[in-house]
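Here is the structure we will look at, set down as structure tokens.
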Amino acid sequence: MKNMKTGTAMWLCLLLAFLVGTSAKAESITSPDGQLKLDFSVNAQGEPVYELSYKGKEVIKPSGLGLELKNDPGLMNGFTLADTRTSTFDETWEPVWGEVKSIRNYYNEMAVTLNQKAQERSIIIRFRLYNDGLGFRYEFPLQKNLNYFVIKEEHSQFAMAGDHTAFWIPGDYDTQEYDYTESKLSEIRGLLQGAITGNASQTSFSPTGVQTSLQMKTADGLYINLHEAALVDYSCMHLNLDDKNLIFESWLTPDAKGDKGYMQAPCRSPWRTVIVSDDARDILASKLTLNLNEPCAYEDVSWIKPVKYIGVWWEMISGKSSWAYTDDVYSVKLGETDYSKTKPNGRHAANNDNVKRYIDFASLHGFDQVLVEGWNEGWEDWFGHSKDYVFDFVTPYPDFDLKMLNAYAKAKGVKLMMHHETSASARNYERHLDTAYQFMVDNGYDAVKSGYVGNIIPRGEHHYGQWMNDHYLYAVKKAADYKICVNAHEAVRPTGLCRTYPNLIGNESARGTEYEAFAGNKPFHTTLLPFTRLIGGPMDYTPGIFDTKLSFLQGDHSFVRTTLAKQLALYVTMYSPLQMAADFPENYERHLDAFQFIKDVALDFLEPGKQYVATLYEDGKDADFEKNPTSYQIKKGIVTAKTRISAKLARSGGFALSLIEATPADRKIIKKWK
């Protein structure tokens with residue numbers, strides 16, 4: 001009996017020693033408010049592992065970290081924990097533009113240094129824990145055995161604690177222009193193929209691949225958002241789901257050779273982000289993505305200003321007009337094709353008389369700029385030919401007198417907005433960039449909408465790969481040299497870089513209003529975008545379509561799946577410092593009472609004790625996005641910070657509210673809100 005007890009004791013000691021040896025001591029930090037807790041350890045195989053909890057609930061179960069390298073043992077295992085450093089940071093900074101005047105950047109940080117003994121090298125994983133979530137990234141110090149390296153794949157895991165409800169779009173290297181699907185994580189595989197709809201350029205990669213920003217809701221009331229911040233000189237991250245174990249893993253966009261990142265130390269990855277709360281409003285209010293970006297790179301930002309604009313864009317998108325000047329030319333060679341010898345097609349929107357009409361409307365109603373697309377030579381064969389030298393960005397069509405129109409606009413207190421469609425030939429755009437930007441400065445332009453429709457040139461590259469991400473940022477930084485603001489369409493989804501480069505004043509990078517003229521958007525699409533696409537930065541959604549039935553078109557066609565009042569609501573819910581009133585002037589002129597909201601929109605926080613004139617634009621009693629979309633009603637009254645207002649919502653409806661401080665005259669003629 002004595003020997004048996006001794007043997008049992010020895011066995012227990014050995015078991016304890018084995019268990020202790022399976023992982024290094026866990027390192028932990030909590031968020032400043034103590035609600036979030038991060039644990040980090042290195043397991044018996046030398047693999048980095050982290051987990052995250054919120055108010056005691058699992059958010060991220062134990063999840064692996066690491067990178068697989070090309071022709072190299074990789075940065076996946078064999079690590080020991082060499083050093084742990086913790087710190088606290090607290091600052092308040094003011095954005096150049098934004099929804100709030102100031103932003104608090106308050107977090108607890110843990111930086112762990114991991115040594116890979118066999119390869120004699122080290123990396124740092126840096127964690128920042130905010131009250132609203134987590135950011136972590138990989139850092140690669142300069143060292144003898146990790147200098148130049150190629151990423152084969154990043155293996156950052158996000159192990160889910162349950163079969164959550166997710167709001168997702170298919171993973172794709174070239175487009176985010178998909179409608180959202182709501183499903184359980186386990187249902188993604190069965191639904192993904194049906195969620196892939198046509199696009200000018202698209203490359204899906206997995207039956208369970210989805211894109212960030214990914215929004216989820218748990219059965220026990222947590223809201224979890226996965227995304228990335230500060231995407232610089234790196235490939236865009238998607239998420240691939242192991243749907244048997246409910247584990248998401250990072251999946252980077254490859255280049256033309258299939259490689260996923262060319263790195264040179266010292267360097268670092270973007271931040272991987274997890275925003276979490278038991279209140280959905282906290283997801284919308286989170287500034288974590290912005291906080292994880294570097295401060296503003298410019299000393300002088302006085303030239304960067306919000307813009308409210310109109311333009312001829314909807315004419316072409318809806319099919320009323322064309323970008324091209326003529327139907328006679330099938331093959332354009334810039335500098336050789338003589339447009340003066342061609343017959344105008346009569347549908348070209350960017351003509352002098354039409355643009356002057358938009359300038360007049362903008363001037364009358366206080367808009368800043370008029371966007372004119374299709375002004376420059378080359379639109380006859382711009383798409384689908386993998387054409388390198390497709391535009392020169394400086395040569396107007398014969399019916400577009402650029403100097404006259406800019407002078408006309410200036411006399412009316414309005415500016416023209418430039419349009420640079422690259423047809424995805426990024427190489428050609430860089431070839432012309434300095435000349436194009438100088439041309440803008442010389443002719444009074446200070447903002448440009450750029451586009452990247454089609455398959456990327458250099459051929460084989462993807463819209464979201466490292467090469468193109470470097471290009472987009474190069475264009476933005478180059479634009480700053482000329483004091484030009486950029487609104488990039490079809491570019492990579494935003495990751496908060498507008499904090500560092502605030503002349504990046506807008507992006508598309510999602511399914512916008514244009515699809516209402518094609519296949520339509522699901523009615524709930526715009527209720528999800530603030531929780532997904534807008535987590536990384538503002539969107540040029542181009543709302544404001546009043547003729548939702550597109551009654552000017554003949555035959556069968558799509559229609560806008562909202563009420564008119566919801567179009568007004570989008571100006572507030574789809575935040576952007578760059579907002580377009582996208583419809584035709586004549587459609588606004590038929591509803592000038594509702595159009596007043598687009599002219600007025602600007603929201604300041606109400607001060608206690610003050611009185612305001614509230615104007616509510618809401619759906620009419622019989623409003624319906626299919627049967628009666630233009631039914632709306634307008635109510636006005638005096639309100640204070642304590643006033644409660646209710647509003648009617650139709651199917652795919654909405655409401656908009658303007659608040660203007662009441663004058664003594666207002667208080668005499670306008671009644672209190674009832």
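Residues take their numbers from the sequence shown, with the count starting at 1.
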Original post:
What's the spacing between L659 CG and L657 CG if we round to 0.5 Å?
Top reply: 4.5 Å

Original post:
For the rings on Y358 and F361, is their centre-to-centre separation under 6.0 Å?
Top reply: no

**OP:** Using the test side-chain hydrogen bond (donor to acceptor under 3.5 Å, both in side chains), find all partners of K412 that sit at least two apart in sequence or belong to another chain.
**Re:** D360

Original post:
Ring centroid separation for F546 and F584, is it under 6.0 angstrom?
Top reply: no

**OP:** Scan residues 621-642 for pairs that pass ring pair (Phe, Tyr, Trp, His ring centres under 6.0 Å), counting only residues two or more places apart or in two chains.
**Re:** H591-Y632

Original post:
Is the ring centre of Y107 less than 6.0 Å from the ring centre of F89?
Top reply: yes

**OP:** Tell me, please, which residues at least two apart from K410 pass side-chain contact (heavy atoms from CB on, under 4.5 Å).
**Re:** none

**OP:** Identify, with sequence neighbours excluded, every residue that meets side-chain hydrogen bond (donor to acceptor under 3.5 Å, both in side chains) alongside T513.
**Re:** none

Original post:
Any salt bridge (Lys or Arg N to Asp or Glu O under 4.0 Å) pairs touching residues 487-506, not counting sequence neighbours?
Top reply: E91-R499

**OP:** Show your reasoning for whether salt bridge (Lys or Arg N to Asp or Glu O under 4.0 Å) applies to K610 and E607.
**Re:** CA-CA 6 Å; K610 284 190 176 182; E607 294 184 28; 3.6 Å; yes

Subject >> T630: partners by side-chain hydrogen bond (donor to acceptor under 3.5 Å, both in side chains), with sequence neighbours left out >> reply: none

Subject >> Atom NZ of K648 with >12 non-hydrogen neighbours under 6.0 angstrom >> reply: yes

Subject >> Partners passing salt bridge (charged side-chain N to carboxylate O under 4.0 Å, His left out) against E373 (at least two apart in sequence or in another chain) >> reply: K449

**OP:** Check whether the ring centres of Y588 and H365 lie less than 6.0 Å apart, and answer yes or no.
**Re:** no

Original post:
With a 6.0 Å cut-off on ring centres, are F367 and Y309 close enough?
Top reply: no

**OP:** Give a yes or no on whether a salt bridge exists between D179 and K522, defined as a side-chain N under 4.0 angstrom from a carboxylate O.
**Re:** no

Subject >> SB check E618 K635 (cutoff 4.0 Å) >> reply: yes

Subject >> Sequence-distant partners of K37, side-chain contact (heavy atoms from CB on, under 4.5 Å), two or more places apart >> reply: S28, T30, D39, S53

Subject >> Option among T548, D619, L568 that satisfies the side chain to side chain contact (heavy atoms under 4.5 Å, CB included) test with T563 >> reply: D619

**OP:** Could you pull out all residues at least two apart from N503 that satisfy side-chain contact (heavy atoms from CB on, under 4.5 Å)?
**Re:** Y298, W303, I304, V476, A479, A480, C485, Y501

Donor-acceptor pairs under 3.5 angstrom involving side-chain atoms of residues 666-674: please list them, not counting sequence neighbours.
{"from": "D666", "atom 1": "OD2", "to": "T663", "atom 2": "N", "distance (Å)": "3.0"}
{"from": "D666", "atom 1": "OD2", "to": "T663", "atom 2": "OG1", "distance (Å)": "3.1"}
{"from": "R667", "atom 1": "NH1", "to": "A662", "atom 2": "O", "distance (Å)": "3.2"}

Subject >> side-chain contact (heavy atoms from CB on, under 4.5 Å) partners for S213, two or more places apart >> reply: N225, H227, I535

Subject >> Pairs touching residues 279-301 that satisfy salt bridge (Lys or Arg N to Asp or Glu O under 4.0 Å), sequence neighbours left out >> reply: E99-K287, R268-E294, D279-R281, D300-K483

Original post:
Quick one: does NZ or CZ of K217 land under 6.0 Å from the six-membered ring centre of Y223, within 45 degrees of the ring axis?
Top reply: no

